[in-house]
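Worksheet for the structure shown next.
Model, not experiment: these values are computed from the prediction.
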Amino acid sequence: MVVTYKCPGCGAAMEFDGQRGKLYCDSCGHQMSVDQYEQQYGSPLKEEGEDFDEESPLGEDSYTRAETDGEEQTVQVQLYHCPSCGAELMTDEHTAATICSFCGSPGLIADRMSGVRKPRAVLPFRITREEAKERFLKWTKHGLLTPPEFTSKNTLEKIVGMYVPYWLYDYQVNVALRARATRSRTTVRGDTEYTYTDHYSVYRSVDTAFERIPVDASEQMEDAAMESLEPYDYSGLKDFDMAYLSGYQAEKYNFTSDEVQGRAKNRAREAAIGVARNTIGGYHTVNVVDQRVQIQERHVDYVMLPVWVLNYRYQNQNYTFLLNGQTGKLNGRLPVSVGKMAKWFGIISGLSFAGLMAIALMGVL
């Protein structure tokens with residue numbers, strides 16, 4: 001079932017505005033908080049007596065499509081109908097929020113975020129679409145060889161606000177390590193220099209607690225790139241409500257908390273070892289000879305975090321621009337224009353040749 005939050009003023013679809021912190025109608029300017037909307041008009045996600053199927057991610061209007069691109073691939077696709085214009089929407093099995101390509105209305109696929117698939121919290125967007133475009137353009141100015149079409153209006157319109165599924169892990173970690181350390185001193189007697197080295201056996205047992213270590217649960221997002229967008233300010237987390245997703249795209253998790261917890265544990269382990277190692281000070285040399293790490297999981301939460309995404313293809317290569325939808329921190333790689341490179345090479349070569357000719361003429365004169 002695809003649903004939208006209809007404006008009580010004009011009937012158009014309302015989208016969640018991160019700056020206002022409210023549902024906003026772009027047609028008439030009407031705005032309401034999520035709680036106020038649902039108190040007055042109820043949630044459009046579930047009518048009385050209606051239950052969502054929590055077992056199967058697909059409904060009756062679904063099919064499996066096989067695609068061949070080097071290797072055979074199976075994609076599960078589901079068909080929905082836009083509540084605003086009636087157009088048929090095609091989504092993959094992980095899409096939870098989308099935008100109708102025919103009328104532009106936001107559509108929320110309720111059964112993708114119900115039951116065990118329902119996140120505990122969502123971190124609303126603070127960076128607007130226009131701000132994301134401005135930050136993208138500012139970022140592209142760092143590349144003198146960036147192709148002009150990379151900053152075109154058509155490219156900017158491809159930027160998408162997406163709620164990415166994340167697991168947040170809380171761990172209690174104990175690190176016990178043994179090290180050999182030395183401390184040296186030098187004295188001089190007459191013409192002789194003496195060096196004394198004291199050797200120490202050092203032991204540390206350090207307990208550390210880590211809260212909300214983030215790991216993205218999306219198969220489409222590159223892990224290192226997503227980690228580069230951190231940190232997020234979790235004080236802005238809201239109890240999950242589908243209304244926050246209105247106007248954006250969203251995916252449910254591809255990986256369970258058990259499947260990706262190894263990444264979180266590695267981060268906790270390395271950080272805890274660093275904390276324990278930093279407690280050993282005042283020595284000239286420190287050599288860790290043994291370390292043991294015990295990690296206990298205390299809690300894990302499923303949340304949705306905001307990211308602006310722009311995918312661009314240039315000369316058969318894919319480029320992705322990512323922007324933290326809350327803080328504005330970004331990650332990306334700029335393409336290089338062959339034409340601009342040739343132009344700059346010509347200019348530099350010309351200037352170099354002119355400089356050499358001037359030096360040669362000065363030598364003749």
Side-chain angles (χ1 to χ4, degrees), residues 15-19 75 89-101 104-109 112-113 119 122-143 146-147 149-167 214-233 236 242 244-255 260 263 302-314 316-335:
E15 299 181 2
F16 184 80
D17 188 303
Q19 282 195 328
V75 180
L89 306 178
M90 180 182 296
T91 72
D92 66 21
E93 60 181 312
H94 302 294
T95 301
T98 188
I99 297 175
C100 178
S101 57
S105 295
L108 307 177
I109 305 175
R112 302 287 172 82
M113 290 288 169
V122 58
L123 189 62
F125 276 85
R126 286 185 185 174
I127 305 295
T128 66
R129 180 180 298 274
E130 293 306 314
E131 288 176 326
K133 291 179 181 179
E134 291 175 6
R135 291 174 188 251
F136 171 77
L137 289 175
K138 184 178 180 180
W139 171 69
T140 59
K141 291 179 180 178
H142 293 292
T146 303
E149 57 266 35
F150 193 57
T151 58
S152 68
K153 182 178 179 181
N154 287 338
T155 300
L156 286 174
E157 292 306 316
K158 295 178 182 177
I159 196 165
V160 173
M162 177 175 291
Y163 279 104
V164 179
Y166 269 83
W167 296 105
V215 175
D216 74 277
S218 172
E219 188 176 16
Q220 307 300 322
M221 297 297 187
E222 202 274 320
D223 297 338
M226 297 306 292
E227 289 181 8
S228 73
L229 299 182
E230 300 172 19
Y232 285 89
D233 179 7
M242 285 287 285
Y244 291 111
L245 275 55
S246 184
Y248 302 95
Q249 293 189 12
E251 291 185 349
K252 71 179 183 68
Y253 60 82
N254 299 106
F255 303 107
V260 295
R263 288 164 52 195
Y302 172 36
V303 303
M304 307 294 286
L305 302 184
V307 179
W308 287 102
V309 182
L310 191 152
N311 291 308
Y312 182 77
R313 189 167 180 81
Y314 180 70
N316 297 322
Q317 290 192 44
N318 293 320
Y319 296 85
T320 301
F321 168 79
L322 300 173
L323 181 75
N324 183 314
Q326 182 197 43
T327 67
K329 191 174 181 181
L330 59 85
N331 173 277
R333 181 169 62 95
L334 289 168

*Can you name the residues that form a side chain to side chain donor-acceptor pair (under 3.5 Å) with Glu227, not counting sequence neighbours?*
none
*Please list, chain by chain and in numerical order, all residues satisfying salt bridge (Lys or Arg N to Asp or Glu O under 4.0 Å) with Glu230, sequence neighbours excluded.*
Arg267
_Show the nearest heavy-atom pair for residues Ala132 and Ile159, with the distance to one decimal._
CB-CD1, 3.8 Å
*Would you give the length of the straight line joining atom CG of Leu323 to atom NZ of Lys133, rounded to the nearest 0.5 angstrom?*
13.5 Å
*May I ask you to decide if the ring planes of Phe321 and Trp139 are parallel, tilted or perpendicular, using 30° and 60° as cut-offs?*
tilted
*Residues two or more places apart in sequence or in another chain: which of them pass ring pair (Phe, Tyr, Trp, His ring centres under 6.0 Å) with Trp167?*
Tyr253, Tyr302
*Roughly how far apart are Glu15 CD and Arg129 CZ, rounded to 0.5 Å?*
8.0 Å
*Measure the shortest side-chain to side-chain distance between Ser218 and Asn254 over non-hydrogen atoms and say whether it is less than 4.5 angstrom.*
yes
*asked:* Please report the interatomic distance CG(Asn331) to OG1(Thr320), rounded to the nearest 0.5 Å.
replied: 9.0 Å
*Which residues satisfy the salt bridge (Lys or Arg N to Asp or Glu O under 4.0 Å) test with Arg263, sequence neighbours excluded?*
Asp216, Asp223
*Write down the atom of Gly236, the atom of Pro124, and the distance for their closest heavy-atom approach.*
O-CD, 3.6 Å
_Distance-minimising heavy-atom pair for Met226 and Val307_ = CE-CG2, 3.9 Å
*Can you name the residues that form a salt bridge (Lys or Arg N to Asp or Glu O under 4.0 Å) with Glu222, not counting sequence neighbours?*
none
*Hey, does the side chain of Gln19 reach the backbone of Thr128 with a donor-acceptor pair shorter than 3.5 angstrom?*
no
*Please round to the nearest 0.5 Å and tell me the distance separating atom CG of Leu305 and atom CZ of Phe125.*
10.0 Å
*What are the two closest heavy atoms between Ala250 and Leu245, and how far apart are they?*
CB-CD2, 3.6 Å
_Minimum heavy-atom distance between Leu229 and Leu322, given as atom pair plus value_ = CD2-O, 3.8 Å
*Would you name the heavy atoms of Asn311 and Lys158 that are closest together and state the gap between them?*
O-CD, 4.3 Å
*With under 30° as parallel and over 60° as perpendicular, where do the rings of Tyr163 and Tyr248 fit, or are they tilted in between?*
perpendicular
*Residues two or more places apart in sequence or in another chain: which of them pass side chain to side chain donor-acceptor pair (under 3.5 Å) with Glu134?*
none
*Less than 4.5 Å apart, any side-chain heavy atom of Tyr232 and any of Pro214?*
no
*asked:* Between Leu330 and Lys138, is there a side-chain heavy-atom distance shorter than 4.5 Å?
replied: no
*Nearest-0.5 Å distance, CH2 of residue Trp308 to CD1 of residue Ile127*: 9.5 Å
_Let me confirm one number: the CE-CE distance from Met304 to Met242, rounded to the nearest 0.5 Å._
9.0 Å
